[in-house]
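Beneath this line is the structure, given in structure tokens, with notes to follow.
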Amino acid sequence: MSLLSGRMLRTQLLNTLRANSTKRFCSSGPVVPPSVNLPTTTQTFASSAAEVKIDMPTDPAEQAVRAIQALSPEEFRARFEAFDEKSKREAFTAARHDIFQMEMSMGDTEGIGKKRVKVFWKNVDAVEIEPGWWTVTLDGRKVKSLEGKDTLVLPSEPFAVAVAHEWSQQKGYLNKLTMPLTDIASSSLQLDMMAIALKLEHLMSFLGSDNLFYRNHLIADKQDPLIEPIQQWFDKEFEVTTPRFYSELGTFTFNEATRSRILGKIRGMQLNCWQIVALHSMAQFFSSIILSLGVLTGQVSMEVAQQINAMEEEQNIATARPIDGFHDLRDIDSKVKVTALQVAWNLASNLGADHATAPAELVSGKFVLPK
């Protein structure tokens, strides 16, 4: 890297730091860094030759600036590229709250405009690539994540074996819609610790419209016995009082203190990226964070959850006419996907703090498979 290009990169990154580390995802005009007055504290040190006064920066931005100025051009370029890549990943994750909504199997199995993948492999293996970390190989080659370029990294041997089984069952052409655990594992690779926090915040944004708050007055006598115990459990566990509405539409707003308490308790569960994806996707399927938490923590059986989820639609079908070949297929499909989310949650439980997210160096594929 030339000295000139190194200085230009330094200037760009220093301006970013001096702008109070604010990230701008889009702008209608040029970004002009504000002027910054950097406070310093003068410290005097005794010296046998003379008193030497040294300005010691107290502002974090200035400390960062001086640390960057001390880097060699090669070190700076590596830091800048890592910084740029991290910013792009954060912007993508922040903007895409729908990437964890698993497709229905009713859709195009190849994907619009995407080439079908022919099943060429004969041997599928689960391989430990580092103590506690696994991947899947096809005839000795690393498997990539679905719709991505990352190496598919799994947090445990049981999880890897389950994913490997999905790959081993493919016939003719790859059908991604019959690989829900691979789908969940692939989505999980997009989450780092910052993205986990973003997903939790997004979940909280639709807590007020949780499906368990609302009853259909025509079938409330059937809904109440199933839903009421779940709401009582949630109210006690999270120290809140959730509402009950009968044939009323709208959104309930929790006050900030209550919202913070619920969010704090979910954070206290110390969920890893695989559990976050499972919770986020299940909440979308059930239109209920409460029901999803109940299922995933063992408070509610999957059978009861699916019964609750289907009750209102069954009432609508009873008063109208079902679409032949649609409702039954969609019902089967959703049961498979939601059950896979529960399986993924269980496979990712009790992993430990060192398995919150997959190591970046493994996801990038920069490792040699054991022989």
Side-chain angles (χ1 to χ4, degrees), residues 16-17 19-26 60-61 64 82-102 133 145 148 150 153-155 183-210 234 237-240 253-297 341 344-345 347-364:
T16 302
L17 287 168
N20 297 323
S21 300
T22 299
K23 296 181 179 63
R24 178 171 293 177
F25 300 130
C26 60
F83 171 84
D84 188 52
E85 178 63 24
K86 183 173 184 292
S87 296
K88 289 178 180 177
R89 287 178 64 90
E90 290 177 357
F92 173 79
T93 305
R96 293 290 308 278
H97 287 309
D98 62 325
I99 57 177
F100 307 123
Q101 175 62 63
M102 298 160 64
W133 295 102
S145 62
D150 296 328
V153 178
L154 290 311
D183 190 3
I184 296 164
S186 298
S187 295
S188 300
L189 296 180
Q190 299 182 41
L191 294 184
D192 56 16
M193 295 307 295
M194 182 282 303
I196 287 177
L198 281 175
K199 291 297 116 183
L200 290 178
E201 285 288 349
H202 182 240
L203 278 173
M204 294 301 299
S205 71
F206 51 81
L207 176 63
S209 57
D210 195 287
F234 184 84
E237 184 71 20
F238 289 84
E239 302 175 37
V240 298
T253 302
F254 289 98
N255 61 46
E256 187 56 35
T258 301
R259 180 188 179 281
S260 297
R261 183 164 58 253
I262 295 172
L263 180 58
K265 285 184 175 290
I266 296 177
R267 284 174 175 165
M269 296 170 68
Q270 297 183 327
L271 304 179
N272 55 54
C273 64
W274 297 273
Q275 291 175 307
I276 290 291
V277 169
L279 174 58
H280 195 278
S281 296
M282 188 176 288
Q284 289 178 307
F285 269 107
F286 285 150
S287 298
S288 173
I289 301 173
I290 297 175
L291 187 57
S292 301
L293 283 170
V295 170
L296 295 174
T297 59
L341 293 169
W345 172 284
L347 290 172
S349 297
N350 304 315
L351 292 178
D354 60 339
H355 276 53
T357 61
E361 63 273 16
L362 297 183
V363 174
S364 66

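Scanning all heavy atoms of the two residues, the minimum distance from Met282 to Leu341 falls at N-CD1, 3.5 Å. Trp274 and Ala358 get closest at one heavy-atom pair: CH2-N, 3.8 Å. Across all their heavy atoms, Ala195 and Gln190 have their closest contact at CB-O, 4.3 Å.
In terms of modelled atom types and a separation under 3.5 Å, the side chain of Asn272 and the main chain of Leu351 share no donor-acceptor contact. Proximity of a side-chain donor or acceptor of Ser187 to a complementary backbone N or O of Ile184 within less than 3.5 Å is not detected. Looking only at distances, a side-chain donor or acceptor of Trp345 sits under 3.5 Å from a matching main-chain atom of Leu296.
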Any chance you could lay out the side chain to side chain contact (heavy atoms under 4.5 Å, CB included) test for Glu237 and Thr297, step after step, and finish with the verdict?
CA-CA 12 Å; Glu237 184 71 20; Thr297 59; over 6 Å; no
Could you go through Lys199 and Val277, starting from their C-alpha distance and side-chain angles, then the distance that decides it, and tell me whether this counts as side chain to side chain contact (heavy atoms under 4.5 Å, CB included)?
CA-CA 8 Å; Lys199 291 297 116 183; Val277 169; over 6 Å; no
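Within the 4.5 Å cutoff, side-chain heavy atoms of Val153 are placed close to those of Trp133. The shortest side-chain heavy-atom distance between Arg259 and Thr253 does not fall under the 4.5 Å cut-off. For the pair Leu203/Leu207, no side-chain contact is recorded, criterion being any heavy-atom separation below 4.5 Å from C-beta on. Using a 4.5 Å cut-off on side-chain heavy atoms (C-beta onward), Lys265 and Arg261 make contact.
Once rounded to the nearest 0.5 Å, the distance linking CD1 of Ile276 with CG of Leu271 reads 4.5 Å. In this structure, the separation between CD1 on Ile290 and CG on Leu293 is 8.0 Å, given to the nearest 0.5 Å. Within the model, atoms CG of Asp150 and OG of Ser188 stand 11.5 Å from one another, a figure rounded to the nearest 0.5 Å. If you take CG on Leu200 and CD1 on Ile262, they are separated by 13.0 Å, rounding to the nearest 0.5 Å. Atom SG of Cys273 sits about 9.5 Å away from atom CG of Asp192, to the nearest 0.5 Å. With values rounded to the nearest 0.5 angstrom, Gln284 atom CD is found 10.0 Å from Leu279 atom CG.
Ring geometry for Phe234 versus Phe238: interplanar angle under 30°, hence parallel rather than tilted (30 to 60°).
At most 12 non-hydrogen atoms from other residues, nucleotides or ligands lie less than 6.0 angstrom from CD of Gln270. Within 6.0 Å of CG in Asp354 there are more than 12 heavy atoms belonging to other residues, nucleotides or ligands.
Looking at residues two or more places apart in sequence or on another chain, you find a side-chain hydrogen bond (donor to acceptor under 3.5 Å, both in side chains) between Asn255 and Thr258.
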